[in-house]
Amino acid sequence: MTPNAPDASNATGTSGTSGTTGITGTSGTTGITGTSGTTGTAGAPLRVALVGYGLAGSVFHAPLISAADGLVLDTVVTSNEERRAEARAAFGDVRFAASPDELWERADELDLVVIATPNKTHVPLATAALKAGLPVVVDKPVAGTAAEARELAALAEERGLLLSVFQNRRWDSDFRTLAALVADGELGEVQRFESRFERWRPQPKGGWRESGDPEEIGGLLYDLGSHVVDQALTLFGPAVQVYAESDVRRPGAAADDDTFIAITHVNGVRSHLYVSATTAQLGPRFRVLGSTAGYVKYGLDPQEAALREGLRPVAGVPWGEEGEELWGRIGSGESPLTGGGTPVRTLPGDYPAYYAAVAAAVRGTGDNPVTALQAAAALDVLEAARRSAREGVSVTLLPHHDEEERPA
């Protein structure tokens, strides 16, 4: 079936909503109007408050915000003195707040709020930010249920405010490469999409991400599963049927750490998605089979590793590049492990594109790069997967009237 692949050229920074060149043309115009109170100053960067400075806040959001043309990291919300010291060392003139309530009290001094806190806090914090008149970015998953995500989307629309979800893996190097191959018809009609986000972590780390408390919204299904499901829906469109197997395998673990999801898309493509912390031998990141050729790619996008090492995107300096030895291969009839196929250069990863698009969207010069309704569609799949694994059944999904087109 013909897949619904995004145009990967939009992620190169030359056009579309995901360009890394920042705001151009009318970027000095006012931002969201209506009740937002976010008009900003012509030509001035948008002032961003970051709620949370743990892994997501310190490794991903803060560096990408500070690297984005048109944004400035104004305030970090954390009461942890050690984290404040780390943020001050990295971003010298940043301000601090002890609680999100301090932001709502001075909403007129801000242009955007980014929520990078534990999953269970996403909905109440996003709701409070929107009610304070502030555009919002929320880390994935935006909510614990699709219904909550749609309620947030309705509130944002009612207030005339941006609500965007941080699905950075749409800008992974390997995913951008695959999207281009699919869009160009290099594989023929795609029949099966295999995606693996596997790790070998035999000892649980603990913390809320591995908690068995349903209120924490932990476990790999909602963590890495949010990424692989979003990528599958972005490439191949809405899901019509979901089957899943989910296990807690490690001694002492309380949340799912080894999960498989099978999706049948409306267009007939079948996606097989694996997320695991218990994989002693890692499989290919992608294995995509079409009517004329297949594409196999090993290894993870290099951007997270670079950010964890303290590297930062800088304009004009290569970013998100991987070595030729890691390029995927396209071909038919022979395994790439025995020399089959032809190497395909991996396009550069482009996480900075997300916040460049957010800046443009807040100013009214571009589209929201990841909408809450798109995130709600992914949550429909995650909820169906959880039910399927629990009950041992295949779950049929009904189309929603608010189903949105994904990047095309």
Side-chain angles (χ1 to χ4, degrees), residues 32 35-38 46-62 64-65 71 73-80 83-84 87 94-168 207-209 211 213-218 222-223 226 354-355 358 361-362 368-376 378-379:
I32 302 293
T35 59
S36 71
T38 307
L46 300 171
R47 301 157 296 181
V48 182
L50 173 60
V51 185
Y53 203 72
L55 171 65
S58 64
V59 171
F60 290 96
H61 293 280
L64 295 175
I65 291 166
L71 298 179
L73 184 60
D74 178 277
T75 304
V76 169
V77 179
T78 179
S79 59
N80 184 298
R83 291 179 177 180
R84 286 190 176 199
V94 69
R95 297 192 286 177
F96 295 95
S99 74
D101 289 340
E102 295 180 32
L103 301 181
W104 322 145
E105 293 170 2
R106 57 180 181 88
D108 59 341
E109 298 177 11
L110 299 167
D111 302 302
L112 176 68
V113 171
V114 175
I115 297 172
T117 51
N119 291 347
K120 68 179 181 180
T121 67
H122 289 180
V123 170
L125 288 176
T127 299
L130 291 169
K131 288 184 176 179
L134 288 165
V136 186
V137 166
V138 186
D139 208 328
K140 61 81 196 165
V142 65
T145 68
E148 290 176 322
R150 291 187 171 95
E151 289 173 4
L152 278 179
L155 177 60
E157 183 176 6
E158 173 189 317
R159 299 296 176 108
L161 294 166
L162 175 79
L163 172 60
S164 189
V165 183
F166 186 66
Q167 292 283 174
N168 58 301
W208 66 265
R209 293 180 189 276
S211 170
D213 183 350
E215 291 188 3
E216 294 288 354
I217 319 175
Y222 275 74
D223 184 13
S226 294
Y354 174 79
Y355 272 111
V358 165
V362 171
N368 185 347
V370 184
T371 72
L373 292 180
Q374 291 170 0
L379 283 164

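Along the sequence shown, residues are numbered consecutively beginning with 1.
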query: Where do Arg84 and Val76 land on the side chain to side chain contact (heavy atoms under 4.5 Å, CB included) test, with the steps shown first?
result: CA-CA 8 Å; Arg84 286 190 176 199; Val76 169; over 6 Å; no

query: Yes or no on side chain to side chain contact (heavy atoms under 4.5 Å, CB included) for Leu112 and Leu46, after CA distance, side-chain angles and deciding distance?
result: CA-CA 7 Å; Leu112 176 68; Leu46 300 171; 5.6 Å; no

task: Check the pair Leu161 / Val136 against side chain to side chain contact (heavy atoms under 4.5 Å, CB included), numbers first and verdict last.
output: CA-CA 8 Å; Leu161 294 166; Val136 186; over 6 Å; no

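Crowding of Glu157 atom CD: a count of heavy atoms from other residues, nucleotides or ligands under 6.0 Å not exceeding 12.
Residue Asp139 comes nearest to Ala56 through the heavy atom pair OD2-CB, 3.2 Å, listed as atom of the first residue, atom of the second, then distance. Taking every heavy atom of both residues into account, Ala126 and Val138 meet most closely at CB-CG2, 3.9 Å. Residues Ala372 and Val165 share a closest heavy-atom pair of CA-CG2, 4.1 Å. Nearest heavy-atom pair across Leu110 and Ala49 is CD1-CB, 3.8 Å. Nearest heavy-atom pair across Leu163 and Ala153 is CD2-N, 3.9 Å.
Proximity of Tyr53 to Val77: side-chain heavy atoms (C-beta onward) are nowhere separated by under 4.5 Å. Inter-residue side-chain proximity for Lys140 and Asn119 is flagged as unmet; no heavy-atom pair is nearer than 4.5 Å. Using a 4.5 Å cut-off on side-chain heavy atoms (C-beta onward), Val137 and Tyr354 make contact. Taking the side chain as every heavy atom from C-beta outward, Val51 and Val113 approach each other to under 4.5 Å.
The one candidate from Asp74, Leu73, Leu50 that meets the side chain to side chain contact (heavy atoms under 4.5 Å, CB included) condition with Val94 is Leu73. In summary, of the residues considered (Arg106, Glu109, Arg47), a side chain to side chain donor-acceptor pair (under 3.5 Å) with Thr75 occurs for Arg106 alone.
The distance from the CG atom of Leu379 to the CG atom of Leu373 is 11.5 Å, given to the nearest 0.5 Å.
Although no hydrogens or angles enter the test, the distance criterion places no donor-acceptor pair under 3.5 Å between the side chain of Asn368 and the main chain of Leu162.
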Can I get a per-line list of side-chain donor-acceptor pairs under 3.5 Å for residues 141-148, giving both atom names and the distance, sequence neighbours left out?
residue : atom : partner : partner atom : Å
Thr145  : OG1  : Glu148  : N            : 3.1
Thr145  : OG1  : Glu148  : OE1          : 3.4
Glu148  : OE1  : Gly144  : N            : 3.1
Glu148  : OE1  : Thr145  : N            : 3.3

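Residues satisfying the salt bridge (Lys or Arg N to Asp or Glu O under 4.0 Å) test with Glu216, not counting sequence neighbours, are Lys120.
Within the structure, side chain to side chain donor-acceptor pair (under 3.5 Å) contacts touching residues 121-134 (residues at least two apart or in different chains) are Thr117-Thr121.
Using a 30° and 60° split on the angle between ring planes, His61 and Phe166 fall in the tilted class, from 30° to 60°.
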